[in-house]
There are 2 protein chains.
Amino acid sequence: MPEQSPGSRPTLEAVAARAGVSRATASRVVNGGAGVRQSLADKVREAVEELGYVPNQAARSLVTRQSGAVAVIIAEPEFRIFSDPFFEQQVRGISRELTANDAQLVLLWVEGPGDYDRIARYLAGGHVDGALAFSLHNDDGLPALIRRAKVPTVFGGRPGAGAAAVPYVDCDNRGGARTAVRHLVGLGRERIAHIAGPRDQTSAIDRADGYRDVLFDADPALTAQGDFTEDSGARAMAELLERRPDLDAVFAANDLMAAGALRVLRERGRRVPDQVAVVGFDDMVTVAESAKPSLTTVRQDIEGMGRLMVRLLTRVLSQDGDGRHVGAPASVIMPTELVRRASA
Amino acid sequence: MPEQSPGSRPTLEAVAARAGVSRATASRVVNGGAGVRQSLADKVREAVEELGYVPNQAARSLVTRQSGAVAVIIAEPEFRIFSDPFFEQQVRGISRELTANDAQLVLLWVEGPGDYDRIARYLAGGHVDGALAFSLHNDDGLPALIRRAKVPTVFGGRPGAGAAAVPYVDCDNRGGARTAVRHLVGLGRERIAHIAGPRDQTSAIDRADGYRDVLFDADPALTAQGDFTEDSGARAMAELLERRPDLDAVFAANDLMAAGALRVLRERGRRVPDQVAVVGFDDMVTVAESAKPSLTTVRQDIEGMGRLMVRLLTRVLSQDGDGRHVGAPASVIMPTELVRRASA
DNA sequence: ATGAAAGCGCTAACAG
DNA sequence: CTGTTAGCGCTTTCAT
């Protein structure tokens, strides 16, 4: 980016001169004003007001070695399937909490491994105090890269087994899945199928585990594999109906796949929920409410997770600074909630 | 945000020492290496490599008075209705082009007028070299605020009449609308209705103008007012059918409203496109392709617009710096394209 | 409680 | 072509 307009802004020096104090005192006032006589502090604040002084962040960073910024790393190709609600809500939560902490959000949009170098350099450049990332794929190189950059980072979603112990925020995928399946059991269903998500994403794995927690002796033929897309849900449903035409319920690992399943059930003339009850996961409102019939699903508080990621990062950062033993960083698991609609 | 881990990074001084040159020479090499003997440059690069040196951006900014960052200002409450494709594509375009310019994207998420102060302070703080904003509402205070902050800014979407002449990137809303309406005319339709978008958004106004360009003598009863939501499109369609049951085509100012219109037409038993042809605007693929019947619409290259916003900003920034006369900043209007599907 | 002074790490004249 | 020298604007000991 080329140069900027030269409209020079007032410096702390100018403020100090105007207030008739030293730069040091002016600095103290600007940074909270502890230990400065009231009368002087007022004068400084007045000068700040009159001059329209705004601290130069670069100068401040240079000496404090803090940027006041946090990177949010978005791996776009993976985020796409979640489309609007997920991304927007998560970023909103993060943004809100960051704002509350007077920190800035720097968006690092990763399109592929080709961007890794750039990201690594940026992280290492001390541009940000910490980072927020989403561990969507188990085998992704991103977590490793972030670890090497040695920037305090909190993950959204439990990282895969390959990753070292890192702090993360996730919803209770396994518990939520259990709740969903128990709900189906409570409805009297006896042949409950599962449409699983990708095997390399921990959320999908955990949800499948939850299913098995309740139905530990379920027929393996009652589980089909999807990839979180609607089409894959439709395919999986068709497969399940072929293998076990007698099934009377299905728990899909996300709403999109549940929507695909509903479509197939409708096409095959199976009545939902009478003949087959369906439960999804996520509560993507746009999907769940417009599904026919509307989808019973497990809700997770995505925005809240975003906010918690920031809080957790704040804690990690202050630990680091204190030089205290960091130890195994605490992670946070958020509760889920069953939202009953028409499909089960 | 609290302090950062103390793992001190190597400085340029260290690199210079290791390469056996002065700091100035090392700096030159790091910044392109023009005018440095090859052998020395190599030595410096080697030292950089060995030490894992990464320039400290704060120090650099302090002297160059450039941040290498651009703010993207998102007014969330207004963006929401566009949901996933619009936001994601635009940000992707911006991010790509910014990356190509080695600039960072700082996301400023505005939730309401309560955030204006914070935004103004941030912009004034010299944290960013320029800003990208979206002028979605005519009466919004944001454009004025941005102007006051004196940060070079490019808008996405033509700002309303109230705003001073500012550079912006927009698609050819008016021309696109003309194309859509002419297409309907070419289909032999004679009573073509228009479902207009909000009167305070220039995109909606321009599209309505395009409609009138072609049908300058159209019955005013053939135009109904919507607000870009699907429901409003449905309501407008119902209204139109009441007023002019003989209508044989409708051009909706966006795809969401077109989808609402299709729904009502279906409910009322009007065959599309036989009895009523429908054209939308935007080509939101998720909406247009899954509509029944699939929607003929006007496509705009949203990602391309994002990229162009960055290019235009780059140009504005370099003009400013040169001290050349800035004059009326050039804006960019991108072409649109009619995408034929089943509805018209 | 306040001020003087010393840098933070880097770039950019300016000499040589 | 290279090195020397000043700062950029701010925070922060350290005296007072």
Side-chain angles (χ1 to χ4, degrees), chain A residues 1-4 6-45 47-48 51-68 124-127 129 321, chain B residues 1-4 6-45 47-48 51-68 124-127 129 321:
Chain A
M1 296 274 100
E3 51 263 74
Q4 166 155 339
S8 61
R9 321 205 125 276
T11 73
L12 192 56
E13 182 76 56
V15 171
R18 176 145 197 147
V21 300
S22 74
R23 219 165 58 217
T25 299
S27 173
R28 289 183 188 109
V29 174
V30 169
N31 294 293
V36 175
R37 210 189 319 153
Q38 186 64 39
S39 63
L40 282 191
D42 287 345
K43 264 193 199 142
V44 171
R45 272 188 266 271
V48 165
L51 265 36
Y53 170 76
V54 180
N56 178 317
Q57 179 63 29
R60 182 178 274 176
S61 289
L62 186 55
V63 39
T64 62
R65 301 157 158 301
Q66 292 170 226
S67 65
H127 298 166
D129 298 334
Chain B
M1 296 275 100
E3 51 262 73
Q4 165 155 338
S8 61
R9 322 206 123 276
T11 73
L12 191 57
E13 183 76 57
V15 172
R18 177 144 195 150
V21 300
S22 74
R23 218 166 60 220
T25 299
S27 174
R28 289 184 189 108
V29 174
V30 169
N31 293 292
V36 175
R37 211 191 316 153
Q38 186 64 36
S39 63
L40 282 191
D42 287 345
K43 264 194 198 141
V44 171
R45 274 189 263 271
V48 165
L51 264 35
Y53 169 76
V54 180
N56 178 318
Q57 179 62 31
R60 182 178 275 177
S61 289
L62 188 54
V63 38
T64 61
R65 300 156 158 302
Q66 293 172 224
S67 65
H127 298 178
D129 297 334

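Computed from a predicted model, the values in this text were never measured in an experiment. Below, chains carry the letters A, B, ... as their sequence lines are ordered, and counting in each starts from 1.
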Trainee: Sequence neighbours left out, what pairs pass salt bridge (charged side-chain N to carboxylate O under 4.0 Å, His left out) with at least one residue falling in residues 13-29 of chain B?
Mentor: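 The answer is B:E13-B:R23, B:R18-B:E50.
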Trainee: Taking any atom closer than 4.0 angstrom to a non-hydrogen atom of chain B, what span of DNA chain D does the protein reach, first nucleotide to last?
Mentor: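 From 5' to 3', the first and last contacting nucleotides are D:dC1 to D:dG9.
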Trainee: Send over the distance from A:L40 CG to C:dT2 P, rounded to a whole Å.
Mentor: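 Checked: the CG to P distance equals 5 Å.
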Trainee: Between B:T64 and C:dT11, is there a contact of a side-chain N or O with OP1 or OP2 at under 4.0 Å?
Mentor: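 The answer is no; no side-chain N or O of B:T64 sits under 4.0 Å from OP1 or OP2.
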Trainee: For A:V48 and A:V15, which heavy atoms make the closest approach, and how far apart are they?
Mentor: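 In this case the closest contact between A:V48 and A:V15 is CG2-CG1, 3.8 Å.
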Trainee: Distance from A:R37 atom CZ to A:K43 atom NZ, nearest 0.5 Å?
Mentor: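 Separation between the atoms: 8.0 Å.
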Trainee: Under 4.5 Å between any side-chain heavy atoms of B:T11 and B:N56, yes or no?
Mentor: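 SC-SC contact between B:T11 and B:N56 ruled out.
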Trainee: Students often get this wrong, so: under 4.0 angstrom with heavy atoms, is A:V21 touching a base, only sugar-phosphate, or nothing?
Mentor: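 The answer is sugar-phosphate, as A:V21 gets under 4.0 Å only of primed atoms, P, OP1 or OP2.
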Trainee: Using every non-hydrogen atom in the two residues, find where B:Q66 and B:S61 come nearest and quote the distance to one decimal.
Mentor: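 Nearest pair, atom of B:Q66 first, then B:S61: O-OG, 2.9 Å.
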Trainee: With respect to A:V29, which candidate in A:L12, A:V36, A:D42 satisfies the side chain to side chain contact (heavy atoms under 4.5 Å, CB included) definition?
Mentor: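 One option only clears the test, and that one is A:V36.
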Trainee: Indicate the atoms forming the closest heavy-atom contact of A:A16 with A:A26, along with that distance.
Mentor: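 Result for this residue pair: CB-CB, 4.0 Å.
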Trainee: Which heavy atom of A:L62 sits nearest a heavy atom of B:A59, and at what distance?
Mentor: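 So the two residues come closest at CD1-CB, 3.5 Å.
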Trainee: For the residue pair B:P55 and B:V30, what are the closest heavy atoms and their distance?
Mentor: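 Heavy-atom minimum between the residues: CG-CG1, 4.1 Å.
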Trainee: Find which nucleotide of DNA chain D each of B:L62 and B:G20 is nearest to by heavy atoms, and output the residue with the more 5' nucleotide.
Mentor: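 Taking each residue's closest nucleotide, the earlier one in sequence belongs to B:G20.
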Trainee: Calculate the interatomic distance between B:Y53 atom OH and C:dG9 atom C1'; express it in whole Å.
Mentor: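 Distance, rounded to whole Å: 7 Å.
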Trainee: With the criterion being N/O to N/O and under 3.5 Å, what pairs connect the protein with nucleotides 4-7 of chain C, and how long is each?
Mentor:
from: C:dA6; atom 1: N6; to: A:R23; atom 2: NH2; distance (Å): 3.1

Trainee: Let's see if you can work this out: which of C:dG3, C:dA1, C:dG9 has an atom nearest to the side-chain heavy atoms of A:T25?
Mentor: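 Looking only at heavy atoms from C-beta outward on A:T25, the closest nucleotide is C:dG3.
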Trainee: C:dT11 phosphate, OP1 or OP2: any side-chain N/O from B:R60 under 4.0 angstrom?
Mentor: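 Yes.
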Trainee: Within this structure, what is the CD-to-P distance between B:Q66 and C:dT11, rounded to whole angstrom?
Mentor: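 Nearest whole value for this atom pair: 12 Å.
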Trainee: Would you say B:N31 places a side-chain N or O within less than 4.0 Å of OP1 or OP2 belonging to C:dT11?
Mentor: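 Checking C:dT11 against B:N31, a side-chain N or O does come within under 4.0 Å of OP1 or OP2.
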